[in-house]
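A quick write-up on the structure given underneath.
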Amino acid sequence: MSSESNYALLHNGQKMPLVGLGTWKSEAGQVKDAIKYALSVGYRHIDCATAYSNEAEVGEAFLETVGDDKIVKREELFVTSKLWNTKHHPEDVEPALKKSLDDLKLDFLDLYLMHWPHAFKRGDNLFPKNPDGTMRYDYIHYKETWKAMEKLVAKGLVKSIGLSNFNSHQIDDVISIASVKPAVLQVECHPYLAQNELIAHCNHRGLVVTAYSPLGSPDRMWKHPDEPVLLEETIIKKLAEKYSKSPAQLLLRWQVQRKVAVIPKSVTPARILQNFQVFDFSLTEEEMRSIGNLNKNWRYIVPMVMVDGKPVARDAGHPLYPFNEPY
């Protein structure tokens, strides 16, 4: 993983590997082995978050594999975590980060993201609810949270800070008050949700984009039986055959070739290895375009709740909810 083409360069000169291992939905008892295996086959980018509730186990993997006399030196590793919605008040930001560092057994993070622009009620309950089952929100503005995150950089606790699930207006809003600019935006992105306008916006503003759910999140709990399945698209299968690759590798290659980082999640060794093997072939411009033409602005990852027996977007009524804008 040494070639320059395997990295994205952040605005502060930091190198972020374009392929990382995601840990969302990775079960306790599985994520430790997944990370140890990933590091052994060359991964150097691990994506974590407080809300995934598995950072302590990720930390056990790091304890066994990261260090001067171990598989990976700390300076070779790029670790991301995320500030959860219940910790947006400025005085909660540093303690939240320190809890992640403690769990991950690290002295600093390479990247710390604000997980969502909207906040939940302060406290240690990740998903605080009202008596009627709706979410208990907080209305603190993400600009206040951002100013507290900047202090983490000054203290050397994180190298870069960034955003997750923010729209273009919200990104500009943060930049307008930032003394430390956001380095990365992490969002759902795959050929059905190509995010071309948002990526162009980020490139123009100096942010690198990381795609989560780059394979279309086929293991989601709230999957609808009629929804399209990205991995079964004819063009994807045809190109995979042409290059003797899997449909998943095709989808990942499409992203890294346009300098979008990917963090596919897996706990299966064969898949973890396969997801990493995307630097030994290239798609033509025409093939890149034909994959991009699958775009239908189809968003898989929208937290849902049931209202009157129908699924509705859980947080859409919050004034800072990001997905009410086109991009």
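Just so it is clear, the values below take in all heavy atoms, side chains as well, and ignore hydrogens, waters and symmetry mates.
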Which residues satisfy the side chain to side chain donor-acceptor pair (under 3.5 Å) test with [X], sequence neighbours excluded?
{"X": "D280", "answer": "K245"}
{"X": "R314", "answer": "none"}
{"X": "D68", "answer": "none"}

Remaining members of the apolar cluster that contains L9, side-chain heavy atoms under 4.5 Å
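Its cluster mates, by chain and number: none.
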L113: hydrophobic cluster co-members (side-chain, 4.5 Å):
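Under the 4.5 Å side-chain rule, L113 groups with L10, M16, F78, L111, V184, V208.
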Using the ring-ring contact (aromatic ring centres under 6.0 Å, His included) rule, pick out the option among F120, Y137, W116 that qualifies with H318.
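Per the ring-ring contact (aromatic ring centres under 6.0 Å, His included) rule, the option paired with H318 is Y137, out of F120, Y137, W116.
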Basic-acidic side-chain contact under 4.0 Å: K98, D102:
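No salt bridge links K98 with D102.
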Does a salt bridge link R74 with D110, judged by any charged N lying under 4.0 Å from a carboxylate O?
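Counted as a salt bridge, because a side-chain N and a carboxylate O are separated by less than 4.0 Å.
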Just so I know, are the side chains of E64 and K70 near enough to count as touching, which here means a heavy-atom distance under 4.5 Å?
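They are not in contact (no side-chain heavy atoms under 4.5 Å apart), so the answer is no.
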Side-chain ([X]) to main-chain ([Y]) donor-acceptor, under 3.5 angstrom:
{"X": "N6", "Y": "F279", "value": "no"}
{"X": "Q257", "Y": "L283", "value": "yes"}
{"X": "T268", "Y": "A270", "value": "no"}
{"X": "Y43", "Y": "I272", "value": "yes"}

Sole candidate of D124, T145, V93 that passes side chain to side chain contact (heavy atoms under 4.5 Å, CB included) when paired with K87:
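Of the listed options, the one satisfying the test is D124.
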Would S81 and E55 count as having a side-chain donor-acceptor pair, cut-off 3.5 Å?
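Yes, E55 and S81 have a side-chain donor paired with an acceptor closer than 3.5 Å.
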Is a donor from one side chain sitting under 3.5 angstrom from an acceptor on the other, for R258 and N203?
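Distance-only check fails for R258 and N203.
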Can you establish whether the number of heavy atoms outside E286 located under 6.0 Å from its atom CD is more than 12?
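At most 12 heavy atoms, drawn from other residues, nucleotides or ligands, come within 6.0 Å of this atom.
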Just grab all the salt bridge (charged side-chain N to carboxylate O under 4.0 Å, His left out) pairs involving [range], residues at least two apart or on different chains.
{"range": "residues 160-181", "value": "K143-D173, D172-R205"}
{"range": "residues 294-308", "value": "none"}
{"range": "residues 149-167", "value": "E94-K155, K147-E150"}

If you look only at distance, which donor and acceptor atoms sit under 3.5 Å apart when one is on a side chain in residues 320-327 and the other is two or more places apart or in another chain?
residue	atom	partner	partner atom	Å
N324	ND2	A316	O	3.2
E325	OE1	H169	NE2	3.3

How would you list, by chain and number, every residue that makes a salt bridge (Lys or Arg N to Asp or Glu O under 4.0 Å) with K121, sequence neighbours excluded?
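For K121, no residue satisfies salt bridge (Lys or Arg N to Asp or Glu O under 4.0 Å) once neighbours in sequence are set aside.
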So W84 and F127, would you call those rings parallel, tilted or perpendicular, with 30° and 60° as cut-offs?
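It falls in the perpendicular class, over 60°.
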State plainly whether one hydrophobic cluster holds both L193 and V262, where clusters connect Ile, Leu, Val, Met, Phe, Trp and Tyr through side-chain heavy atoms under 4.5 angstrom apart.
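No, because L193 and V262 fall into different hydrophobic clusters, even though each may have its own neighbours under 4.5 Å.
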Got a sec, which pairs hit side chain to side chain donor-acceptor pair (under 3.5 Å) with one end in residues 184-195, sequence neighbours left out?
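As it turns out, the side chain to side chain donor-acceptor pair (under 3.5 Å) pairs with a partner in residues 184-195, which skip direct neighbours, are D47-Q186, E188-H190, Y192-E233.
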Drop me the distance from S160's OG to H11's NE2, to the nearest 0.5 angstrom.
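The OG atom of S160 sits 6.5 Å away from the NE2 atom of H11.
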Can you name the side chain to side chain contact (heavy atoms under 4.5 Å, CB included) partners of N293, sequence neighbours left out?
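For N293, no residue satisfies side chain to side chain contact (heavy atoms under 4.5 Å, CB included) once neighbours in sequence are set aside.
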Does the side chain to side chain contact (heavy atoms under 4.5 Å, CB included) test come out yes or no for I171 and L198, once each step is laid out?
CA-CA 10 Å; I171 293 164; L198 188 57; 4.0 Å; yes
